[in-house]
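Report on one structure; see the data block that follows.
In listed order, ligands and their atoms are each counted from 1. Residues take their numbers from the sequence shown, with the count starting at 1.
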Amino acid sequence: MPIPVYLDHNATTPVAAEVADAMCEALKNVYGNPSSGYSHGQRAAIAISDARQALANLIGGDPNELIFTGCATEANNLALLGVARATADKRHLVISAVEHPAVMAPARYLESKGWRLTIVPVDQYGRVSAEAVVAAVSPETVLISIMLANNEVGTLQPVAEISRLLKGQNVLLHTDAAQAIGKIPVNVEDLGVDLLTVAGHKFQASKGIGALYVRKGTPIRNVLFGAGHERGFRPGTENVPAIVGLGVAAQLASQRLATRDDRLGCYRDQLHERLRSSIPGLALNGHPVHRLPNTLNISFTDVTGKALLAAACDTVLASVASACHSDEEGLSGVLGAMGINTLRANGAVRLSTGWETSGEDIEIAAQGLIKAWSQLTST
Ligand code: PLP
């Protein structure tokens, strides 16, 4: 039985071979505690420092502006709750209607503690207007948190434009770049952000590692209490192998971006074309242009996305919404926020390519989906 083609890279990516090798080496041989002054500890501290530099090379900024965390969820929580803890008098937060729960939930928590929360709506493509975001700012506003790329439909948000329009106002800007890093160029200076979230397992590092970029001078306080690791923002002995792996994944991503490797987009568009030529009535969810190169969220007619993927599961693995919600009943909040009706939302499937996806994989996946759709609609 052939192995099904994996097209769910927005849920998580396979670990790159180079990353796995570096992690194994670190697991076996770099076991010292980075806080220990003797040679084993110092070797681990240097490995962390190298990884921090590699991540800074990928996203810009200074290595000392990076805090390693356990995941993107933790980085988002630190961004929102840490900034809130550092703020004495103002209590207003602005987010978009399509934020991941890792931003939405801490934002709602702050609301429950008396903060005013403005949720800016998105258009039919899942994109906020930069003007609408900035228009929501008041003298009470502390922080704006707008994701760089949406996990379900791949739509890119105008974060750099928001930053430009905000110039001169005393408001912090955070972006959850978990889905964008490794797929498109991401640079904290070009974006003009104060805080930026990184997720290792979305770009070929392992699970259990993320990071938060915090621009020097940003008012933020710790939300975990303990010793002084990561400048006191992430107390707890560092996960050295995972950090080493993140550094190698950052190097790989930097190399690919430098060569403008456009495989992700080519295969994504090839898949779309193959499906469109055989299945009538497909509707693209997400922005046709301002979108992650690897993400194809499409609605099929006359079937539910769930039934289609179940019927095609021997040939292709994908999801109907983000992985975090796959066991929840109900429709995607992202598609709902885009004004997509229930019928179309029910037929939606998210297909996301990765760096190991091949042309042959695309053909197998396309054939599997076309066959499953034909079988389900012919009865
Ligand atoms: N933010 C976005 C945009 C995501 O897509 C995800 C994961 O799907 C997260 C945050 C949370 O990442 P993690 O589960 O690694 O904490």
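Only side-chain heavy atoms of Ala178 come within less than 4.0 Å of ligand 1; its backbone N, CA, C and O stay farther off. Both the backbone and the side chain of Thr73 come within 4.0 Å of ligand 1, counting heavy atoms alone.
Of the polar atoms of His201, at least one N or O is found under 3.5 Å from an N or O of ligand 1, judged by distance alone. Between Asp176 and ligand 1, an N or O atom pair is found at a separation short of 3.5 Å.
The side-chain heavy atoms of Asp361 and Glu356, taken from C-beta on, include no pair separated by under 4.5 Å.
Atom numbering of ligand 1 starts at 1 in the shown order; those under 4.0 Å from a heavy atom of Asn151 are 3 (C), 5 (O). Contact atoms of ligand 1 toward Met147: 3 (C) (distance under 4.0 Å to a heavy atom of the residue). Shown in contact with Cys71 at under 4.0 Å from a heavy atom are these atoms of ligand 1, numbered in order with element: 15 (O), 16 (O).
Across all non-hydrogen atoms, the minimal contact from Ser96 to Ile146 is N-CD1, 3.6 Å. Val120 and Ala132 get closest at one heavy-atom pair: CG1-CB, 4.1 Å.
A distance-only check finds a donor-acceptor pair linking the side chain of Thr13 to the backbone of His201 [under 3.5 Å].
Heavy-atom distances between Lys202 and ligand 1 reach below 4.0 Å in at least one pair.
Other residues, nucleotides and ligands contribute over 12 non-hydrogen atoms within 6.0 Å of the CG atom of Leu27.
When only modelled atom types and interatomic distance are considered, Lys207 and Thr12 share a side-chain donor-acceptor pair under 3.5 Å.
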